[in-house]
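To start, the structure under review is shown below, and the notes come after it.
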Amino acid sequence: MSHTLVIVESPTKARTIRGFLPRTFRVEASMGHVRDLPNNASEIPASYKGEKWANLGVNTNENFAPLYVVPKDKKKIVKELKDALKGADQLLLATDEDREGESISWHLLQLLDPKVPVKRMVFHEITEEAIKRALNDTRELNMELVHAQETRRILDRLVGYTVSPLLWKKVAWGLSAGRVQSVAVRLLVQRERARRAFRSGSYWDLKAQLEQGGLKFEAKLSYLAGERIASGADFDENTGAIKAGTKVRLLSESDAQSLLETIRSEAWTVAEVEEKPTLRKPAPPFTTSTLQQEANRKLRLSARETMRTAQGLYERGFITYMRTDSVQLSEQAISAARACVSEKYGADHLSPQPRQYSTKSRNAQEAHEAIRPAGSSFRTPAEAGLSGLDLSLYELIWKRTVACQMADARLTMVSAHLEVANARFRAGGKRIDFAGFFRAYVEGSDDPDAALEGQEVLLPPLGAGDHPNCGSCEALGHQTQPPARFSEAALVKTLEKEGIGRPSTYASIIGTICDRGYANLQNNSLTPSFTAFAVTALLEEHFPDLVDPGFTARMENTLDEISNGSAQWLPYLDQFFRGEKGLEQQVAQREGDIDPTTSRTIELEGLPCVVRIGRFGAYLESKRAGENGEEELIKATLPLDLTPADLDAEHAELLLKQKADGPESLGIDPESGEAIYLLFGQYGPYVQRGQASEETPKPKRASLPKGTKPEDLSLADACSLLQLPRLLGEHPDGGKVQAGLGRFGSYVVHDKGKGEKDYRSLKAEDDVLLVQLERAMELLAVPKKGRGGRTALKDLGCGEGSEEMIQLFDGPYGLYVKQGKLNASLPEGTTAETINLEQALELLAAKAATKKPAARARSAKPAATSAKPAAKSAKPKAAAKPKTASKTTGTKSGRPRASAVRIIRAADS
């Protein structure tokens, strides 16, 4: 029986759409891209291995013809799609409606080579109404979007695979450069440089607790003898002193204490009260960028987690397409949002007229709607049947969408000025006269100290001449703070503001930066590494365009022009790479001028030494006078948790001194009689019993618990740490319960015997040296969570001859079973209720069989084509197969070695 074949990207999307289509439609998933440029040398077909350009994957001598291969894990999928096409009378390509989705559809068209009519089916939400509408409004493949995506892909490959090998030679092996990645890293480095250059200033002021009519309020010193009191904003970040030309009065501690004594017995008088009415308008509905920012601020989700969760919500029909630059809403969405407002908050909370927003960000495209709940009527979060992150993100999207059609919030800002002696204090208040959209949603802030708009600060009724009572007054000292490091939200906001990259790629860019060791994400802040400093300095000096936000933004504009047909992709690529000042020429000319020793050296102001990047990380290097009077070279490893901004002369001297003089002895261990030493290593400070010798090559060591300062460590504590793990008692089910300290922190463990151990991390309030059996049992009773903080749905058993438990988890891509480090997804139709141990063992065995040794992987010969999309015509036809470039022998040299290509895959973005 003939059928219509519909191809989408994911099984989840396929399942959702299948429910809205007639039975004569068959929906299959391509599992994302079915072919791409080769990711490593093993993917290059034998017929191309002799070509000099093969590792690059782009024949720059033949109109930048890309070499496309079908990855090994996609061959089975391609075969299944070809089989599904055999009995079809029509093919509908229903991938996402953006450049990436258009590109996937084009690749499917090339590989499947259908002999039946082909149409492009597009939609931005997965609801029954939207799918039926899309079926009646199919179109041809948009080759301009295909060219734009392919140009972007080739451009990223040219930058990554040309500059990254240079970084390997000049800085360190395995590093990568990228068109957007390198600019983002530079932004982090520039902020860290500003933190190093920052000089803190100190100032004092007074804060009073006052009471009027039984209501308490707070006032702060603002003027003294007619002069404004200095605040943090008045200081120069580079000097720590008051900015030149600023007329303020800087109070010292003695000044503040003296003033405090003066006003202690004086009467307080209200000089004047000002009230200023103001309006707050709701924020526009979410775009990809603003969703990532707000989810990071409010839910503490990374950009990756946000996009992964949003993808799942979209594919299951809960929200509209999540990759969009548009803040516009359809008439249908506006009606649905306004209906929610009327029903939940009342007609008085509706905006007088429907609100429409226009996008102000650079490079914005209005092709899609904003991100909103799907459908012609919005399910409330309570009605959605969601839980966990899905519920939190859906609720955020629902509230933001509904709030944008609500009335303005009306507030009154109140300022009361009070006088006492020759000092003037100010009390600030905020009164919400009409909450409006505040009832649904209040936007977050990148400033952790900034109050949310919805927080009301009420002052008592005050009038000029009133005499409030002073309950207390205190002098407060302040230190100015360095510029805050970028959070993910702040970095995304800056990238979008500067027009760097596309919001849909920010999640992968930030992930690559962290994965490559250019930055660490700690407490929601991105801290650049010393390696990031070295790479950024090299690129700034020798390839400034690659890290210039303006240059990168102009590249983005050109790529957008290619997508709408106002610019040609081939001349642009040729000029960028092969032009007189093209990247190829720049690398060839400058490679010989770059000194590796200089490139691996980071000179930081104020240090008695230099920082160098070595094979195993960053280290300090300094020349000191030795015992014989001759200069000696001293090298000291930098701890991984020491950031560039926090490395000062004191830290450096301590590390170098320890390296030169040997470890510091804390005293003698009363039990062994050996000395206990305090040392500093790559993973931070640790204690050691005795010195390394031939008899004891690896003396007992123990890391300091998180939060313990080396200067506060006592001999008794050091001895206790070296006795870890310590026995807490016997477990009721048999085996020992111990407390210990590992690389990832303190823990308790149930040692069941025969190598089977059950670990739990100690909480911040627990002390590994003091924790008792009762507390350990509490922690061990909590179900162990899997990767991503997931709790196992159930244990399936161990299987014959194995002691590792097989567990069932629910992940972002559906149900999967896990045994040790091996995961296997459940096939479609298998549920948590039906999966059993035998099936799980079969799935895990099949997954293990696909993990071939590297030697066998290198012999694989993927299918490949070297092709460019067909040149644009007045009326492109989706079913027409684009022209294929003939195989040619390129002359490009200087590519990464075959065995090294795998290293720089992340550089493509």
Side-chain angles (χ1 to χ4, degrees), residues 171-172 175 185-201 237-240 479-487 513-514 516-541 597-624 632-661 663-664 678-686 703-704 706-713:
V171 181
L175 296 178
V185 170
R186 188 193 184 204
L187 290 173
L188 301 182
V189 169
Q190 287 177 320
R191 182 63 57 87
E192 198 75 359
R193 287 170 179 167
R195 288 176 64 87
R196 279 197 61 82
F198 173 79
R199 297 294 177 266
S200 180
E237 293 184 346
N238 296 316
T239 65
Q479 293 289 129
T480 57
Q481 299 300 311
R485 292 187 176 102
F486 281 102
S487 64
I513 288 171
C514 294
R516 288 289 172 191
Y518 285 126
N520 295 310
L521 184 60
Q522 297 175 333
N523 300 322
N524 204 38
S525 294
L526 289 161
T527 304
S529 63
F530 289 99
T531 301
F533 268 64
V535 169
T536 298
L538 184 150
L539 294 177
E540 284 176 331
E541 181 178 355
T597 303
T598 303
S599 299
R600 295 177 183 131
T601 303
I602 308 167
E603 295 189 9
L604 300 176
E605 187 179 350
L607 294 187
C609 55
V610 296
V611 178
R612 295 197 196 279
I613 305 300
R615 185 178 176 185
F616 302 107
Y619 63 92
L620 299 175
E621 183 176 289
S622 178
K623 291 182 178 180
R624 302 284 175 97
E632 294 180 348
L633 194 63
I634 301 174
K635 299 178 181 180
T637 301
L638 282 168
L640 291 177
D641 60 353
L642 184 59
T643 68
D646 296 332
L647 176 60
D648 54 21
E650 185 179 354
H651 273 99
E653 287 287 3
L654 180 63
L655 293 169
L656 290 168
K657 183 176 184 300
Q658 184 195 84
K659 191 69 177 180
D661 301 342
E664 174 189 354
L678 174 65
L679 301 98
F680 295 84
Q682 187 178 18
Y683 300 107
Y686 63 95
S703 298
L704 268 61
K706 189 175 181 180
T708 302
K709 296 181 179 179
E711 58 268 26
D712 297 336
L713 186 69

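All values reported here derive from a predicted model rather than from experimental measurement.
- Put simply, the side chain of Leu604 reaches to within 4.5 Å of the side chain of Val611, judged on heavy atoms.
- The shortest heavy-atom contact between Glu237 and Pro483 is OE1-CG, 3.8 Å.
- Surrounding CG of Asn238 are more than 12 heavy atoms belonging to other residues, nucleotides or ligands, all under 6.0 Å away.
- Formation of a donor-acceptor pair under 3.5 Å by the Thr536 side chain with backbone atoms of Ala532 is found in this model.
- Between Ala534 and Ile613, the closest heavy-atom pair is CB-CG1, 3.8 Å.
- Between the Glu192 side chain and the Ala645 main chain, a donor and an acceptor come within less than 3.5 Å of each other.
- Across all non-hydrogen atoms, the minimal contact from Lys623 to Leu633 is CG-CD1, 3.8 Å.
- Looking only at distances, a side-chain donor or acceptor of Thr480 sits under 3.5 Å from a matching main-chain atom of Gly201.
- Here Leu640 contributes atom CG and Phe530 contributes atom CZ; the two are 10.5 Å apart, rounded to the nearest 0.5 Å.
- Counting non-hydrogen atoms of neighbouring residues, nucleotides and ligands closer than 6.0 angstrom, the CD atom of Glu603 reaches no more than 12 such neighbours.
- Counting heavy atoms from C-beta outward, Ser487 and Ser525 have side chains that stay 4.5 Å or more apart.
- Considering Arg485, Arg195, Gln522 in turn, Arg485 is the only one that fulfils the side-chain hydrogen bond (donor to acceptor under 3.5 Å, both in side chains) rule with Thr643.
- Rounding to the nearest 0.5 angstrom, the gap separating the CZ atom in Phe533 from the OG atom in Ser529 is 9.0 Å.
- In this structure the side chain of Leu175 reaches within 4.5 angstrom of the side chain of Tyr518, judged on heavy atoms.
- Closest of all the heavy-atom pairs between Ser622 and Leu656 is CB-CD1, 3.9 Å.
- Under 3.5 Å, the side chains of Thr531 and Arg516 contain no donor-acceptor pair of N or O atoms.
- A 4.5 Å side-chain heavy-atom check between Ile602 and Val610 finds every atom pair outside the cut-off.
- When every heavy atom of Ser599 is checked against every heavy atom of Leu538, the shortest pair comes out as OG-CD1, 3.4 Å.
- Expressed to the nearest 0.5 Å, how far CG of Leu647 lies from CG of Leu607 amounts to 5.0 Å.
- To the nearest 0.5 Å, atom CG of residue Leu620 and atom SG of residue Cys609 are 4.5 Å apart.
- Geometrically, Arg612 does not engage Tyr619 in a cation-pi contact defined by less than 6.0 Å to the ring centre and at most 45° from the axis.
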From CA spacing to verdict: side chain to side chain contact (heavy atoms under 4.5 Å, CB included), Asn520, Asp641: CA-CA 9 Å; Asn520 295 310; Asp641 60 353; over 6 Å; no
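- In this structure, CG in Leu638 is found 12.0 Å from CZ in Phe680, a value given to the nearest 0.5 Å.
- Shortest non-hydrogen contact noted between Val171 and Arg600 is O-NE, 2.8 Å.
- Remark: Arg186 CZ to Arg193 CZ distance equals 7.0 Å, nearest 0.5 Å.
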